[in-house]
Protein chains: 2
Amino acid sequence: MDQTPPARLKMTDVARLAGVSVATVSRALSGSVLVSQDTRARIEAAVEATGYVVNQVAAGLRLQRSRQILVMLPDIANPFFGEVVLGIEEEAQHQGFGVLIGNTGRSPDREAALARQFQTGAVDGLVLLTGRRPALLADVPASRMVAVSEHIADDSIATVSIDNHAAAIEAVGYLRGLGHRRIAHIGGPAGNVLTAQRFQGYRDAQGGDFDPRLVRYGDYSIASGEAAMRGMLDEAARPTAVFCSNDEMAVGAIRAARAFGIGVPAGLAVIGFDDIPFAGAYDPPLTTVRQPRRQMGRLAARILLAALAGDELPAPTALPHLLVVRQSS
Amino acid sequence: MDQTPPARLKMTDVARLAGVSVATVSRALSGSVLVSQDTRARIEAAVEATGYVVNQVAAGLRLQRSRQILVMLPDIANPFFGEVVLGIEEEAQHQGFGVLIGNTGRSPDREAALARQFQTGAVDGLVLLTGRRPALLADVPASRMVAVSEHIADDSIATVSIDNHAAAIEAVGYLRGLGHRRIAHIGGPAGNVLTAQRFQGYRDAQGGDFDPRLVRYGDYSIASGEAAMRGMLDEAARPTAVFCSNDEMAVGAIRAARAFGIGVPAGLAVIGFDDIPFAGAYDPPLTTVRQPRRQMGRLAARILLAALAGDELPAPTALPHLLVVRQSS
DNA sequence: TTGTACGCGTTATCAT
DNA sequence: ATGATAACGCGTACAA
């Protein structure tokens, strides 16, 4: 039946229909003032009638930009990142940009493959949720990327995050207010900036009560949180509370406690981080530090798109976090 | 410092360096046989030395394709979709395609805005995780899209999914094997094909024990599952088990039971669907039907890319599911 | 206010 | 086996 695949129409077609040149159509469509009310109306009518849309690939070639941004993240299946992406996508789409997702799976190879996308002109800007700048992107100007959540160490990339140090102090301070002194900490991967910031907050809040034997590191998985907690419960001097660097590890800690016959919060108070959707539904509902993930994504996109348009990169600003107290503490 | 923003090099530059014409470079890079060992080596050396990569935008304009596919989904923050996207991305990247993510948020407006991307030439193909074909895409050939998880009603779009009817029968059959007869069902949004398939399986398994008062519908959220279950526990004749159409609603059902002082699985056996990462970590760990999400994504991408390359669309094949028995039943 | 014509970086056709 | 060159569809000097 549809013998002739309706041959997508081009600007020439619209021009012919409206009885003007392509230049005029182009101007009209890009909102130039250099076009009379009258002809503009005719052109718009023609566009309406045909359902014409500009070919972004051709426009991109001409303008040397693609109106696409790439989000690089370690694990899209993680609910934390998902919600951030939602915010990015919201703002990007609002400004007429498309969003590409690249999963690194924490593998440098995948990272490199993705970075190549950047070189091919398929992408104008980059949002980094990986906590580091891929090696291949060494020569891409900082004004074309923005980092979310994790500050990127060695350079001038704009960053959107909360004040992790303050959030950790607040969480641990809350536990101390409950009377806890032997408070453990399960952090993210060691050596990472984010991990260091939260650890420092924990340490500062603990002050003289700080005990290095109560600090472990995981990889943000439930299993790693459980393993870390088991390790500490095996020791003679057990903690009475634990501050975890994400909600998954907090769940792991609770499972470990349970395995030892320890009740939560009676025998062990637990605080997580992020407030993923499941945190409030767990049993017991998790006390946790909420990050404004959606808002972080939106802001990151806004900063990046502004930078692409030539604006200065803003000084890093921390978004507000919120300690959500539930029944695990 | 870097005064001259290193002006991305083009094929011409490589050609000059290798002492050949652009045509030859293009041929060499696309693996044509029409190029001698010798010159190919020289070209490869030049590429290596400069780090040149083909400009996909320009190639796309010439070839009339973008090597990008768009994944449309209702909610990227949902772990089910996240894992499917992972599979899609894996296969796509393997074949040199980029993946764009479009979040509809179940809003027709967003859907339309996304669909426009398709018309602009920015995208070659489409993966639908939304359970329906957007209105705007009425004239896009079915060979340029593939649906995952939910069969799309009215037409010939290729679909990748499990056998939902069989899976429901298996889940409910398992409960019946445990001696349950008053088995409730909390389904997804009413009117949706997927919901109907699982309901039908439930009904078939229940046979003469089927009782329409034990069927409710939710929106896949924890809250909706909880509300649905509360409704049934309020009634005189309570169910002794419930089969839920996803894990979130199963968690909601457990919370409702708890609020009524009913233990799980002692007072109420619960089965979920999907086996999201949290299912095994919940208390009690959830019995659930596992869908091979990653594999579904990979297969969908493979089918789509094959179709874009001209292959026939395969007949719908169901991927294997797996009833994972844990402690909630 | 509008039109003409060139170029964005590739690939494919046609010569050679 | 290689080279010259015409598209691909659009935006924008420049001319009118």
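A, B, ... follow the sequence lines: proteins, then strands. Residue 1 opens every chain.
- Residue A/L34 is in base contact, counting any heavy-atom pair closer than 4.0 Å across all strands shown.
- Contact annotation: the side chain of A/R144 approaches that of A/L308 to within less than 4.5 Å [non-hydrogen atoms, C-beta and beyond].
- Whole-Å rounding puts the B/R67 CZ to D/dC8 P distance at 21 Å.
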Between the protein and nucleotides 14-16 of chain D, list the N/O to N/O atom pairs that are separated by less than 3.5 angstrom.
none

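- If you take CG of B/L29 and P of D/dT2, they are 14 Å apart, rounded to a whole angstrom.
- Where B/A23 and B/Q64 each meet DNA chain D at their nearest nucleotide, the meeting point lying more 5' is that of B/A23.
- Considering all non-hydrogen atoms of both residues, B/N55 and A/T120 come closest at OD1-O, 3.3 Å.
- When the nearest nucleotides of DNA chain C are assigned to A/V33 and B/S26 by heavy-atom distance, the more 5′-ward of the two goes with A/V33.
- One finds a salt bridge joining B/R16 and B/D13 here, because a Lys/Arg side-chain nitrogen approaches an Asp/Glu carboxylate oxygen to under 4.0 Å.
- Partners of B/D109 by side-chain contact (heavy atoms from CB on, under 4.5 Å), not counting sequence neighbours, listed by chain and number: B/S107.
- Backbone-only engagement by A/T24 is indicated by non-hydrogen atom pairs under 4.0 Å involving sugar-phosphate atoms exclusively.
- When the options B/E91, B/E89, B/E90 are evaluated for a side chain to side chain donor-acceptor pair (under 3.5 Å) with B/R298, the one that passes is B/E90.
- The side-chain contact (heavy atoms from CB on, under 4.5 Å) test with A/M72 is passed by exactly one of A/N103, A/L129, A/L128: A/L128.
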Worked verdict on B/Q93 versus A/L114 for side chain to side chain contact (heavy atoms under 4.5 Å, CB included): CA-CA 9 Å; B/Q93 179 156 338; A/L114 248 13; 3.5 Å; yes
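- The nearest pair of heavy atoms linking A/P292 to A/L319 is CG-CB, 4.0 Å.
- Taking each heavy atom of B/Y52 and B/V14 in turn, the nearest pair found is CG-CG2, 3.5 Å.
- For B/L9 and C/dT10, the CG to C1' distance is 15 Å, given to the nearest whole Å.
- The distance from atom CE of B/M11 to atom C1' of C/dG7 is 17 Å, rounded to the nearest whole Å.
- Here the C1' atom of nucleotide D/dG11 and the NZ atom of A/K10 are 16 Å apart, to the nearest Å.
- For DNA chain D, the neighbouring residues in residues 36-62 of chain B, judged by any heavy atom under 4.0 Å, are B/S36, B/T39, B/L61, B/R62.
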